[in-house]
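So the structure is just underneath, and the comments pick up after that.
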Amino acid sequence: MKKIEAIVRPERVQAVVDALEKVGCVGLNVTQVTGRGRQKGVVVHTGRGVETTQINMLPKSRIETVVADADVEKVIEAIIGAARTNATGAIGDGKIFVSPVLEAIRVSSGERGDAAI
């Protein structure tokens with residue numbers, strides 16, 4: 001099993017959730033977070049002919065799911081396809097992290113492993 005954590009633009013969350021549902025991944029969590037990556041949280045404002053730069057933490061959304069090893073690649077591809085803002089992607093579109101999961105247990109039934117996810 002693997003935990004897949006995707007940090008994406010907030011406006012792309014519903015598209016990512018829809019894409020995950022299409023590939024059979026329905027169990028997930030979404031959290032609103034702030035952070036910065038390669039763009040270092042740089043926001044450029046232009047007003048009255050003056051351009052100002054502000055370094056901030058940017059709003060992002062974290063989508064987490066745990067999937068069977070066999071489903072990892074199709075889930076990653078679904079996230080990439082839905083999270084990109086254009087055909088080639090852009091800085092700030094997000095990141096995906098994949099981590100091993102040693103055990104999963106469904107509290108209600110006690111099922112373990114792949115059966116619990």
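The chain is numbered in sequence order, starting from 1. Computed over heavy atoms, backbone and side chain alike; hydrogens, waters and symmetry mates excluded.
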Tell me the closest heavy-atom pair linking Val72 and Ile4, and the distance in Å.
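Closest approach of Val72 to Ile4, heavy atoms only: O-CD1, 4.1 Å.
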Taking all non-hydrogen atoms of both residues into account, name the closest pair between Ala116 and Ala104 and its distance.
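Nearest heavy atoms, Ala116 then Ala104: CB-O, 3.5 Å.
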Please identify which of these residues, Thr88, Ile80, Asn86, meets the side chain to side chain contact (heavy atoms under 4.5 Å, CB included) condition with Arg84.
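Filter result, single survivor: Ile80.
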With rounding to the nearest 0.5 angstrom, report the [atom1] to [atom2] distance, [X] to [Y].
X	Y	atom1	atom2	result
Asp93	Thr85	CG	OG1	3.5 Å
Arg9	Lys60	CZ	NZ	5.0 Å
Glu64	Glu5	CD	CD	5.0 Å
Arg62	Phe97	CZ	CZ	10.5 Å

For Lys2, the option from Asp69, Asp114, Asp71 that meets salt bridge (charged side-chain N to carboxylate O under 4.0 Å, His left out):
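Checked Asp69, Asp114, Asp71 against Lys2; only one passes salt bridge (charged side-chain N to carboxylate O under 4.0 Å, His left out): Asp69.
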Is Val13 reachable from Ile96 through a run of I, L, V, M, F, W or Y residues, each pair having side-chain heavy atoms under 4.5 Å apart?
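In one cluster: yes.
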Is there a donor-acceptor pair under 3.5 Å between the side chain of Arg12 and the backbone N or O of Ala82?
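Yes: the side chain of Arg12 pairs with the backbone of Ala82.
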Counting distance only, does the side-chain N/O of Glu103 pair as donor-acceptor with the main-chain N or O of Gly113 below 3.5 Å?
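Yes, Glu103 side chain to Gly113 backbone: donor-acceptor pair under 3.5 Å.
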Fellow cluster residues of Met1, listed by chain then number, with links counted only when side-chain atoms sit under 4.5 Å apart:
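Cluster partners of Met1: Val66, Val101, Ile117.
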Could you pull out every donor-acceptor pair under 3.5 Å between side chains of residues 14-35 and any protein atom, sequence neighbours left out?
residue	atom	partner	partner atom	Å
Gln14	NE2	Asp18	OD1	2.9
Gln32	OE1	Ser61	OG	2.8

